[in-house]
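So that the names make sense, note that chain A is the first sequence line, chain B the second, and so on, each numbered from 1.
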2 protein chains.
Amino acid sequence: MDRTEKLVQALREAGLRLTPQRLAIVRLLATTDQHPTAQMIYEQLRPDYPSLSLATVYNTLETLVDLGVVNVLGSAGDDAVHYDADTDPHVNLACISCHRVIDLPSQYVHALEQEVATTSGYRLLGARVVYYGLCPDCQREAARQPAGGRRHRRRRRRRGEHHQTQSGSEE
Amino acid sequence: MDRTEKLVQALREAGLRLTPQRLAIVRLLATTDQHPTAQMIYEQLRPDYPSLSLATVYNTLETLVDLGVVNVLGSAGDDAVHYDADTDPHVNLACISCHRVIDLPSQYVHALEQEVATTSGYRLLGARVVYYGLCPDCQREAARQPAGGRRHRRRRRRRGEHHQTQSGSEE
DNA sequence: CTCTAAACTTGGAATGATTATAAACTAGAG
DNA sequence: CTCTAGTTTATAATCATTCCAAGTTTAGAG
Ligand SMILES: [Mn+2]
Ligand SMILES: [Mn+2]
Ligand SMILES: [Zn+2]
Ligand SMILES: [Zn+2]
């Protein structure tokens with residue numbers, strides 16, 4: 001609930017309006033640990049905000065990123081940008097197979113960010129500390145399937161593909 | 001010249017063919033400090049390889065990324081993915097105004113990467129350590145232009161936009 | 001409250017980076 | 001030199017993201 005307040009505060013201080021859509025997006029972003037994409041946010045809010053537009057999600061994300069309260073992590077193997085409302089220094093781990101992104105506590109990122117802030121000469125707006133590879137689950141998965149020598153050419157995932165295999169009762 | 005060899009070696013060991021196109025792309029990637037996008041590579045090689053196709057650039061980049069010898073840094077404010085053939089632990093600084101990406105030496109990234117490798121449980125394929133913001137030049141630039149309160153809505157950059165203002169004799 | 005200008009939202013169209021395809025080429029093993 | 005699986009390439013297709021023109025809503029002045 002504190003992170004939500006931080007984003008709301010940022011909007012207020014920037015003199016921007018606090019619309020229900022923005023509030024909903026902010027709340028979702030601030031409370032999830034999912035590092036969602038615009039599409040994910042859109043789908044998760046649609047039930048409660050039937051009129052919500054994807055364009056608004058993108059607009060709001062851009063606004064929050066410009067305000068420096070949301071970081072742009074980039075793609076996780078899917079072709080969509082993932083966002084992170086947790087701007088405290090931390091490491092993100094992206095699985096290029098299941099496209100999930102999780103956080104990893106680290107004792108060095110703080111020093112790293114500090115170092116960058118003081119030595120770069122840049123006016124920093126955001127961080128993108130992501131290591132990508134295969135998560136434990138997907139490694140096992142890969143071990144099962146002898147990984148048919150298919151090199152090259154990847155299939156593009158369809159628009160509405162959901163992730164979530166946690167132990168899921170999806171679909 | 002050593003980095004070039006590393007990429008070439010990776011292709012060889014994977015049993016992939018060493019075509020002139022791949023070699024050219026590899027050489028460019030291995031020797032530049034530019035963190036180029038596919039388009040940039042394409043444009044820089046076209047003079048010497050008139051028949052080169054953008055598709056080949058993308059294909060080769062994917063191959064190199066899959067081999068783990070090239071990292072995907074993501075966008076720098078432009079809407080194109082930047083690549084980095086330097087896979088040694090280091091920090092990248094992206095300017096979201098001039099879209100340039102430079103390296104920053106750091107004494108902590110090594111420990112960080114080490115930490116991630118040993119504690120994550122992930123099979124790591126690549127790193128994306130990027131801090132984004134405004135480079136010193138663009139900060140000055142911004143100071144000059146009172147930064148007209150234009151919030152929201154960004155203009156999309158056109159396909160052939162070149163960067164390079166180093167002290168350039170462009171155009 | 002009421003009113004209103006400015007800020008937002010929205011559906012739908014447009015854009016353009018990246019991918020897919022199919023046909024023509026060639027690296028390189030034998 | 002031969003032969004073919006791996007590559008390249010031109011071109012079409014895809015689809016995440018951005019743009020646009022209207023229709024709404026917010027928040028502050030009166
Ligand atoms: Mn995170
Ligand atoms: Mn770099
Ligand atoms: Zn996974
Ligand atoms: Zn700059």
Side-chain angles (χ1 to χ4, degrees), chain A residues 8 11-12 14-26 36-43 45-46 49-66 72-83 99 149-161, chain B residues 8 11-12 14-26 36-43 45-46 49-66 72-83 99 149-161:
Chain A
V8 169
L11 287 170
R12 282 216 190 88
L16 300 177
R17 290 185 184 167
L18 198 44
T19 66
Q21 292 88 338
R22 281 181 176 167
L23 195 41
I25 294 170
V26 157
T37 64
Q39 183 73 42
M40 289 166 146
I41 295 174
Y42 176 60
E43 281 167 11
L45 292 181
R46 199 144 47 150
Y49 298 79
S51 83
L52 180 64
S53 163
L54 232 197
T56 297
V57 176
Y58 277 108
N59 287 342
T60 300
L61 284 170
E62 178 178 340
T63 299
L64 294 171
V65 169
D66 286 350
V72 185
L73 300 186
S75 137
D78 42 10
D79 289 304
V81 172
H82 289 250
Y83 295 87
H99 314 311
R150 53 92 186 78
R151 198 169 286 304
H152 243 351
R153 296 305 148 81
R154 196 161 292 150
R155 191 69 58 230
R156 188 184 279 226
R157 40 249 130 280
R158 223 164 303 333
R159 242 246 189 121
E161 250 186 60
Chain B
V8 169
L11 287 170
R12 282 215 189 87
L16 299 177
R17 288 187 186 164
L18 199 44
T19 66
Q21 293 88 336
R22 282 181 175 165
L23 196 41
I25 294 169
V26 157
T37 64
Q39 182 73 42
M40 288 166 145
I41 295 174
Y42 176 60
E43 281 167 11
L45 292 181
R46 201 144 44 151
Y49 299 78
S51 83
L52 180 64
S53 162
L54 229 199
T56 296
V57 177
Y58 276 108
N59 287 341
T60 300
L61 284 170
E62 179 178 339
T63 298
L64 295 171
V65 169
D66 285 351
V72 184
L73 300 187
S75 138
D78 43 9
D79 289 305
V81 172
H82 290 249
Y83 295 87
H99 313 311
R150 55 92 181 78
R151 198 171 283 305
H152 241 350
R153 297 304 150 78
R154 195 162 291 150
R155 192 67 57 229
R156 192 185 276 229
R157 40 245 132 285
R158 224 164 301 334
R159 242 247 188 120
E161 250 185 60

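Although no hydrogens or angles enter the test, the distance criterion places no donor-acceptor pair under 3.5 Å between the side chain of A:D66 and the main chain of A:L64. In this structure a side-chain-to-backbone donor-acceptor pair under 3.5 Å is missing from A:H82 to A:L73. For B:D78 (side chain) and B:A76 (main-chain N/O), a donor-acceptor pair under 3.5 Å exists by modelled atom type. In this structure, B:T56 contributes its side chain and B:L52 its backbone to no donor-acceptor pair below 3.5 Å.
The shortest distance between the side-chain N/O atoms of B:Q21 and the OP1/OP2 oxygens of D:dT9 is below 4.0 Å. Residue A:S53 places none of its side-chain N or O atoms closer than 4.0 Å to OP1 or OP2 of C:dT9. Of the side-chain N and O atoms in B:T19, one or more sit less than 4.0 angstrom from OP1 or OP2 of D:dT8.
For the pair B:H82 NE2 and C:dA17 C1', the interatomic distance rounds to 12 Å; values are reported in whole Å. One interatomic measurement links the two molecules: CD of B:Q39 to P of C:dT18, which rounds to 9 Å at whole-angstrom precision. Atom CD in B:E62 sits roughly 10 Å away from atom C1' in C:dT18 (whole-Å rounding). Taking atom CG on B:L54 and atom P on C:dT18, their separation rounds to 9 Å, with Å as the unit. Here the P atom of nucleotide D:dT8 and the CG atom of B:L45 are 13 Å apart, to the nearest Å. As a whole-Å value, the separation of B:Y58 OH from D:dA10 P is 16 Å. One atom, CG of A:L23, and another, C1' of D:dT25, lie 15 Å apart when rounded to the nearest Å. Between B:D79 atom CG and D:dC19 atom P there is a gap of 9 Å when expressed in whole angstrom units.
Of all the heavy atoms in A:A38 and A:V57, the pair that sits closest is O-CG1, 3.6 Å.
Residues satisfying the side chain to side chain contact (heavy atoms under 4.5 Å, CB included) criterion with B:A55, sequence neighbours excluded, are B:S53. Residues satisfying the salt bridge (charged side-chain N to carboxylate O under 4.0 Å, His left out) test with B:R17, not counting sequence neighbours, are none. Annotation: salt bridge (charged side-chain N to carboxylate O under 4.0 Å, His left out) contacts of B:R46 (sequence neighbours excluded): none. Judged as a side chain to side chain contact (heavy atoms under 4.5 Å, CB included), and not counting sequence neighbours, the contacts of A:V72 are A:V65, A:V81, A:Y83, A:R128, B:Y132.
Base contact: B:T56 has a heavy atom under 4.0 Å from a base atom. In this structure, A:A55 reaches the bases: a heavy-atom distance under 4.0 Å links it to at least one base atom across the strands shown. Across all strands, A:T37 comes closer than 4.0 Å to no nucleic acid atom at all (heavy-atom distances).
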Checklist entry - Reading DNA chain D 5' to 3', how would its secondary structure be written in dot-bracket notation, given Watson-Crick and G-U pairs with both distances under 3.5 Å, brackets [ ] for crossing pairs and | for partners on other strands? => result ||||||||||||||||||||||||||||||
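Closest to the B:R22 side chain, of the nucleotides C:dA27, D:dT9, D:dT7, is D:dT7.
If B:Y42 and B:G15 are placed on DNA chain D by their nearest nucleotide, the residue sitting closer to the 5' end is B:G15. Between B:Y83 and B:L18, the residue anchored closer to the 5' end of DNA chain C is B:Y83, taking for each the nucleotide with the nearest heavy atom. Both A:S51 and B:A38 sit near DNA chain C, but only A:S51 has its closest nucleotide nearer the 5' end.
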Next on the checklist: side-chain contact (heavy atoms from CB on, under 4.5 Å), that's the test. Do B:L54 and B:Q39 meet it? Break it down for me.
Outcome noted: CA-CA 7 Å; B:L54 229 199; B:Q39 182 73 42; 4.0 Å; yes
Output a table of nitrogen or oxygen pairs between the protein and nucleotides 2-6 of chain C separated by less than 3.5 Å.
unit_1	atom_1	unit_2	atom_2	d
C:dA6	N3	A:R17	NH2	3.1

